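Read through the structure below, which is laid out as structure tokens, and then see the notes.
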Amino acid sequence: MSTSIIIQNKFSWIIPIGTILLFSSACSPKRMILNQMGDYLDSYEWVYMTENDPTLVKEAFPFNLKTIEMLAHSNPENTDLATAACSGFTMYAYAFVMEEADRIVTRDYQRGLRSYSRALSLFERGRDYGFQALNSKYPGFEENLGQWSKISLAKAKIQKDDVPVLYWTAAAIGGSISASRGDPKYIVDLPKVGYLLEKCLILDPDWNNGSLNVAMISYTMSRPDRQANAEEQAYNYFIKAVEASNGNNCAPYVAYAEKVLVQKQDREAFETVLKDALQIDVNKSLEIRLSNIIVQERAKWLLERTDELFY
Amino acid sequence: MNCSIEKYSVRNITFILSFISILILTAVQAQQVTVIKLATLAPEGTDWHGKLVEMGIRWQKATNGAVKLRIYPSGVVGDERDMIRKIRLGQIHAAAITTEGLSELNPEVYAYLVPMLFNNYEDVDWVREQISPELVKGINKSGFTLLYWVDVGWAYWFSAEAIRVPEDLKKMKIFNWAGDFKTAEIWRKGGFNPVPLALIDVLSGLQTGLIDAVTTSPLISLSMQWFGVANHMLDLKWGLVTGGIVIDNRVWDKIRPEHQNIMLEIASEIGDEQQLKNRYEDQNAINVMKEYGLTVYTPTVEEFAQWKSFVESWYPNIRGTFIPAKIFDRVIELKKQKDELSGL
């Protein structure tokens, strides 16, 4: 089956999902339909992640987010729906709202703040759905996370298939810290990001084309217990992330350039690494095509700002 | 005839082109942009950094693009002393720094660090109004212009065990910046046990018991998660963390006076907004930490008197060593005047 057919087939259920939702209240086996929705969520992600037109996704995604949110709300026990809502809100906030805010804030500060505020609200929703899924599966998860050390988290009976919800919850918490512009209420949660990511790394280090290692590049550079050799540690995560994606994921390059090479003020390496990211063929790994396109846009934007980032 | 027309046209075109070139050149000269490179330790994406971004946008707009501010946040230029050194080398031109960096330009700024000098921000504002002209003059003598003062917050003691009186603190091992031998000596003279550590080692130092206490602002204690181990805070304003923005006069003097005026005006507005936010943020951070297990101890009147009596007996060790004697005496005198005015 060709890729386009796969995409067409996967896409075909998105339109009915809204229809099902709109009319579901009239259907008798409502709960059954809702439960079945979870089975489609993998397909849902595929349709979006393989897209080559970010604008189309930006415009289409909110409708589907609201649909998933309504389904998750109606069926709070369904961890797949809550996970999809968590990843959906977090992805959308990062890819479209934060990206835009980062650009606006350098030109129009107040407008930029409004965009960050909107992103914060989306991240909070993503985080809450993440905890909804985790609390449903592991009662008391959210409450205990603040107190749990890495050791007690390691002892918890968390499975490999929990990695997506753990990762997206961590990403939502991290996003809310960034979007809050340094609000203590959010900063205080930074260690939780580390607990969750490190647990994921134990369970499935190469998950999703090295996404965990990419996240660890940023976390290593900003963690409260940052080590003297943080740059070296971040470099190791960069290498692992590149290897996990066979060099097809642009994200580790851009994260390493932005978080480490700017800090080191290594302009030459910064330009080289970002140009390497731009050389990656976005059609090589379809499951991360959309992400690669968005990340390449960020790489171009960063390259344009080189003079502003290096003194 | 045709030929002469052509010659005339060519001459005319050449003239027009020359004229346009002159116009363009004049316009370029008129629009010569002064790029100000400013360094700060404030992390990118925080409100502290954001207010600087806003200042830059407003400067650019108010000067019709003649002044452009480039900000280097998160300590990418180095620590505050590095920033001053790099300004002197011409690598950057300005810095948003605390008393640590400002002391390189005028050691009298340490006047703000006299332990337990200020009871509240009213005291700070009153004393600042009196001493600011002297401090600014000293900074100017070093070749810099101060754009505005801004308080970062109060420094409190955070410790693994509760501190109530000076004797409690003297039993503890306290954080001291690695390499800062002068301050370590002053601590020792006060009967304390300073332990030299790099900033990044404070958290592990607290976790392993290498140190038991650290004096810092609530926001830093929260951001660095020190309060997770040092989960007792003494509600006593030990010192003031303050700072300001300075710019190299070699760059500042190149800016047209009318632009300087509007830039100072904008900087002052931004500074006032930031001041208000920072002063409020302390309590915000304390409230969040309390939710996460921080215990705050407010000393009794008697205990407060013990602290006051102790630091006053310690002042002779600080005067003329850490803080220049002249400014030390001046701020002590000013505070007395303020207390009298307040009927204390």
Side-chain angles (χ1 to χ4, degrees), chain A residues 98 101-102 104-113 116 119-120 145-147 149 174-194 218 221-230 258-267 270 305-311, chain B residues 35 37-39 42-58 60-61 68-78 83 86 91-93 198-204 207 218-219 221-228 270 281-289 291-293:
Chain A
M98 281 291 275
D102 284 349
I104 294 171
V105 83
T106 58
R107 303 190 306 270
D108 184 340
Y109 184 68
Q110 293 302 328
R111 217 180 115 218
L113 287 188
Y116 282 121
L120 176 59
L145 186 61
Q147 281 82 46
S149 65
S176 64
I177 293 168
S178 302
S180 79
R181 316 283 295 162
D183 186 331
K185 188 179 146 194
Y186 298 92
I187 294 178
V188 75
D189 284 335
L190 186 57
K192 291 179 186 172
V193 176
S218 303
M221 297 303 287
S222 58
R223 59 190 302 162
D225 56 347
R226 183 182 150 150
Q227 306 292 303
N229 64 344
E258 195 173 1
K259 300 297 175 191
V260 183
L261 297 173
V262 171
Q263 188 68 39
K264 281 175 79 174
Q265 286 289 293
D266 189 340
R267 184 177 179 139
F270 173 84
R305 295 184 66 221
T306 304
D307 282 342
E308 292 169 38
L309 299 169
F310 294 85
Y311 65 91
Chain B
V35 175
K37 296 181 176 183
L38 180 146
E44 185 171 17
T46 59
D47 197 54
W48 291 350
H49 168 244
K51 295 309 278 184
L52 296 172
V53 171
E54 187 182 15
M55 185 173 78
I57 295 169
R58 289 183 60 190
Q60 195 168 354
K61 203 174 165 189
K68 194 172 179 192
L69 183 66
R70 280 191 192 152
I71 302 158
Y72 299 93
S74 313
V76 296
V77 174
M83 291 175 197
K86 287 176 184 175
Q91 291 178 316
I92 58 168
H93 317 114
L199 192 68
I200 57 166
D201 295 326
V202 171
L203 184 61
S204 60
Q207 285 165 337
L219 195 58
S221 179
L222 180 141
S223 322
M224 307 293 278
Q225 300 285 329
W226 295 343
F227 81 96
I270 295 281
E281 204 75 335
D282 257 4
Q283 196 51 51
N284 198 2
I286 292 169
N287 291 342
V288 171
M289 288 188 285
E291 281 175 34
Y292 280 75

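Since the model is a prediction, treat every value here as computed from it, not as a measurement. So you know, we letter chains A, B, ... as the sequences are listed, proteins then strands, and number each from 1.
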Measure distances from [X] to the heavy atoms of chain B and classify the residue's part below 4.5 Å as side chain, backbone, both or neither.
| X | answer |
| --- | --- |
| A/Gln265 | side chain |
| A/Asp108 | backbone |
| A/Gln110 | side chain |
| A/Leu309 | backbone |
| A/Phe310 | backbone |

Write down the atom of [X], the atom of [Y], and the distance for their closest heavy-atom approach.
| X | Y | value |
| --- | --- | --- |
| B/Ala285 | A/Pro184 | CA-CB, 3.9 Å |
| B/Asp47 | A/Tyr109 | OD1-OH, 3.5 Å |
| A/Asp189 | B/Tyr292 | OD1-OH, 2.8 Å |
| A/Gln227 | B/Ile200 | C-CD1, 3.9 Å |
| B/Ser223 | A/Pro224 | O-CB, 4.0 Å |

Where does [X] contact chain A at under 4.5 Å (heavy atoms): side chain, backbone, both or neither?
| X | value |
| --- | --- |
| B/Ser204 | neither |
| B/Lys68 | side chain |
| B/Ile57 | side chain |

Contact winner vs chain A - B/Gly45, B/Ala39, B/Gly75, heavy-atom pairs under 4.5 Å
B/Gly45

So which of B/Lys86, B/Glu44, B/Gln207, B/Lys61 has the largest heavy-atom pair count under 4.5 angstrom toward chain A?
B/Lys86

Non-neighbouring partners of A/Gln263 that pass side chain to side chain contact (heavy atoms under 4.5 Å, CB included), sequence neighbours left out:
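Listed in chain order: A/Met221, A/Glu231, B/Ser74, B/Val76.
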
Quick one: [atom1] on [X] to [atom2] on [Y], what's the gap to the nearest 0.5 Å?
| X | Y | atom1 | atom2 | value |
| --- | --- | --- | --- | --- |
| A/Glu308 | B/Lys37 | CD | NZ | 11.0 Å |
| B/Gln225 | A/Leu190 | CD | CG | 6.5 Å |
| B/Gln60 | A/Arg107 | CD | CZ | 12.0 Å |
| A/Ile187 | B/Met224 | CD1 | CE | 11.5 Å |
| A/Arg226 | B/Leu203 | CZ | CG | 14.0 Å |

Tell me whether the count of non-hydrogen atoms from other residues, nucleotides or ligands lying under 6.0 Å of CZ in A/Arg305 goes above 12.
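Counting other residues, nucleotides and ligands, CZ of A/Arg305 exceeds 12 neighbours.
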
Check whether any side-chain heavy atom of B/Asn284 lies under 4.5 Å from a side-chain heavy atom of A/Asp183, and answer yes or no.
yes

Test side-chain contact (heavy atoms from CB on, under 4.5 Å), reference A/Tyr311, set B/Val77, B/Ile71, B/Leu38, output is B/Val77

